[in-house]
Amino acid sequence: MDEHKESLRVGAAVRRRRRSLELTLSAVAERSGLSVPFLSQVENERARPSRRSLEKVADALGTTAVELLAAADPARTVDLVRADDTSVESGSAQDAEGFVVRSLVRGHHQMHAQEFVGDHDPGREFQLRNDVLMYVTQGAVEVEAEGRAYRLVRGDTLYLTGGVRHRWRATVSDARVVVVAVAEHIDAVDEPGPK
């Protein structure tokens, strides 16, 4: 079985094109004659448009179905990234002090995950648009967020809501931290919880 079999994810290409034109889903729906819920499902990879529907969307976006397919992301429904895999997009990066960042997810998806090994510039402040989860797999780190300091050791997780300014540093040289974040191109949705 080929573990790298790919299909195209056209939804992300549709979303990127729509946003580059600063159009709402409603505007594209009106131009294409398709419904807003269907277009939303297409953009979120919950529905695959027929060839005819894709042509309608392309016309509404001032492009062609062929161009949208060419801009589509290859999707892997199951993708294994081995520890020694150097083909992962954005690859591994290592600075002069031995700090390593390794992407754990290939391609352009709704989730980004990276592994940080060692220490990095502790003065660097982060503020990501969407939610972030930090998981310490080895060693210990200190995180400053919202005016508080948190000490995390192996097995600890810290969840940060999108927009929270934070900085962190490894407190031991062999620290390993996995950072999982909702991709920047995804809009956060506030859904009402149970009442």
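- The pair E67-R17 fails the salt-bridge criterion, with no side-chain N (NZ, NE, NH1 or NH2) lying under 4.0 Å from an Asp/Glu carboxylate O.
- Interatomic distance, CG of L160 versus CG of D131, reported as 8.5 Å (0.5 Å rounding).
- Across all non-hydrogen atoms, the minimal contact from L152 to V136 is CB-CG2, 3.6 Å.
- Put simply, the side chain of T171 reaches to within 4.5 Å of the side chain of R151, judged on heavy atoms.
- Considering only heavy atoms from C-beta on, V57 stays 4.5 Å or farther from P49 through its side chain.
- Side chains of Q127 and R165: a donor on one and an acceptor on the other come within 3.5 Å.
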Could you go through the side chain to side chain contact (heavy atoms under 4.5 Å, CB included) check for R169 and V141 one step at a time?
CA-CA 6 Å; R169 69 179 190 86; V141 299; over 6 Å; no

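- Using a 4.5 Å heavy-atom cutoff, the side chains of V28 and K56 are not in contact.
- Both L158 and V164 are assigned to one and the same hydrophobic cluster, defined by single-linkage of ILVMFWY side chains at heavy-atom distances under 4.5 Å.
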Under the criterion salt bridge (charged side-chain N to carboxylate O under 4.0 Å, His left out), I'd like the reasoning laid out for R148 against E144: C-alpha separation, chi angles, the key distance, then a yes or no.
CA-CA 6 Å; R148 291 187 61 193; E144 291 178 33; over 6 Å; no

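- For A181 against L128, the heavy-atom pair with the smallest separation is CB-CD1, 4.4 Å.
- Between the CZ atom in R31 and the CG atom in L61 there is a gap of 8.0 Å [rounded to 0.5 Å].
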I'd like to know whether V179 forms a side chain to side chain contact (heavy atoms under 4.5 Å, CB included) with F116, so could you lay out the CA-CA distance, the side-chain angles of the two residues, the decisive distance to 0.1 Å, and finally the verdict.
CA-CA 8 Å; V179 177; F116 293 82; 3.6 Å; yes

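- Residue R48 holds its CZ atom at 12.0 Å from CG of L54, rounded to the nearest 0.5 Å.
- Side-chain atoms of N44 do not come within 3.5 Å of backbone N or O of Q41 as any donor-acceptor pair.
- If you take CZ on R46 and OG on S40, they are separated by 7.0 Å, rounding to the nearest 0.5 Å.
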Begin from the C-alpha positions of D59 and S32 and carry the test side chain to side chain contact (heavy atoms under 4.5 Å, CB included) through to its verdict.
CA-CA 7 Å; D59 288 344; S32 66; over 6 Å; no

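- Between Q138 atom CD and E115 atom CD the span is 9.0 Å, to the nearest 0.5 Å.
- When side chains are defined from C-beta on, E142 does not count as touching W168, because their heavy atoms never get closer than 4.5 Å.
- For the pair E55 and A65, the tightest heavy-atom approach, listed with the atom from each and the gap, is CG-CB, 4.0 Å.
- Note on V36 and V10: same hydrophobic cluster, where clusters join Ile, Leu, Val, Met, Phe, Trp and Tyr whose side-chain heavy atoms are under 4.5 Å apart, directly or indirectly.
- Nearest heavy-atom pair across A47 and F38 is CB-CE1, 4.1 Å.
- Hydrophobic cluster membership is shared by L21 and V14, with clusters built from Ile, Leu, Val, Met, Phe, Trp and Tyr side chains linked at under 4.5 angstrom.
- Heavy-atom neighbours of E30 CD from other residues, nucleotides or ligands within 6.0 Å: at or below the threshold of 12.
- Residues S35 and A29 share a closest heavy-atom pair of C-CB, 4.1 Å.
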Please evaluate residues E43 and R18 with respect to the criterion salt bridge (charged side-chain N to carboxylate O under 4.0 Å, His left out), reporting the C-alpha separation (whole Å), side-chain torsions for both, the decisive distance (0.1 Å), and the verdict.
CA-CA 10 Å; E43 284 193 1; R18 176 179 64 80; 2.6 Å; yes

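- Rounded to the nearest 0.5 Å, atoms NE2 (H166) and OH (Y150) are 12.0 Å apart.
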